[in-house]
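Below is one structure, written out as structure tokens; the observations come after it.
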Amino acid sequence: MKQALEVAGVPIAPVQLIAAGTTLREAIALVTRTLTAVGIAGAAGDARIMTAVAAGRRTVDLIAHPEAVLNAAAALRLNEMAHRRVRHEPVSRILGEREFYGRRFEITPATLDPRPDSETLIGAALELLDEAGMRDGAPLRLIDIGTGSGCLIVTLLAELPAATGLATDICPAALAVALRNAERHGVCDRLRLRQCDMLEGMSGRYDLLVSNPPYIPTEEIARLEAAVAAFDPRRALDGGPDGLAAYRRIAGRLSDVLALPPNPAWALFEVGAGQAGDVADILADGGFPGARTWVDLGGHTRCVAVKTLR
Ligand code: GLN
């Protein structure tokens, strides 16, 4: 059976409907063809994951039991997933889950879909603490500004078992997701959550601040890949006219929240491609010179960090 799929009234592809009784092998082939027809790179991999999830199986079971059949509920689930993927919705959004630094995080429409690039921040933070001899056993106080799914702070708390953390976000629905992710990864007894805009009204001092703030210049949002602009929350992306508004706001308050001498403190930021120099300048103007940078796996400078004591 074929169904014409329409987006804004325009048919874009015939979607092959998967019927109950279809084998896993056939289902994967059908979904792969459908996704390939609309130009989705990696269609076969996506088809395998979605088929496994729809069938309630692990992906290894697809190889072990290719002739197992989908029941009516599983076929319905797979059809829904395939329809969403045909509209270029990312698989992570369809599944409501994304792996980050080796752990699975719930995501919802209220949260940014964590990107592998952001793992650069985790690597940089652990490297800096290692260098200072503060990675093991130090009761570090961490803060994450604009936590979204909580991927950064939950990962850091999981990697640093003696640390405690505060996660902030302007969006209460995102904080609820971050809390569930903290529970899932066993760190919720060491994490507080707080609804606020950037560092507004913040008191207390922290040893390590991380933030992946919105950094896309407003006018560029419309030109992003469909999968970014259409499915990530706009306020997680929009960094104002030049993309740097959030860095300026955080830099202006940084000295109020970082630990005071004789303790060192670090602030680490994710930056957009090409923004590292500007962000380092903003931090230097705010009294934090000497930024260090880290490059992501795509070759872009992705993390800018400053330290209070050198
Ligand atoms: N901290 C979250 C992440 O890195 C959310 C960031 C955001 O929404 N800009 O994915």
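None of the values given here were measured: they were computed from a predicted structure. Every number for a ligand or one of its atoms is a count from 1 in the order of the listing.
- Checking Ser149 against Asn181 by side-chain atom types alone, no donor-acceptor pair falls below 3.5 Å.
- Residue pairs that meet the ring-ring contact (aromatic ring centres under 6.0 Å, His included) test with at least one member in residues 150-173, sequence neighbours left out, do not exist here.
- Remark: the Asp117 side chain and the Thr120 side chain contain no N/O donor-acceptor pair separated by less than 3.5 Å.
- Salt-bridge formation is not detected for the pair Arg253/Glu200: no Lys NZ or Arg NE/NH1/NH2 atom is positioned less than 4.0 Å from an Asp or Glu carboxylate oxygen.
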Taking a 3.5 Å cut-off between nitrogen or oxygen atoms, can you list every pair linking ligand 1 to the protein, with distances?
unit_1: ligand 1; atom_1: 1 (N); unit_2: Gly146; atom_2: O; d: 3.2
unit_1: ligand 1; atom_1: 1 (N); unit_2: Thr147; atom_2: O; d: 3.2
unit_1: ligand 1; atom_1: 4 (O); unit_2: Asn212; atom_2: ND2; d: 2.9
unit_1: ligand 1; atom_1: 9 (N); unit_2: Asn212; atom_2: O; d: 2.8
unit_1: ligand 1; atom_1: 9 (N); unit_2: Ala236; atom_2: O; d: 3.1

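- Sequence neighbours left out, the pairs with a member in residues 155-175 that pass side-chain hydrogen bond (donor to acceptor under 3.5 Å, both in side chains) are Arg103-Glu159.
- Counting only residues at least two apart or in different chains, ring-ring contact (aromatic ring centres under 6.0 Å, His included) contacts with residues 183-217 comprise Phe105-His185.
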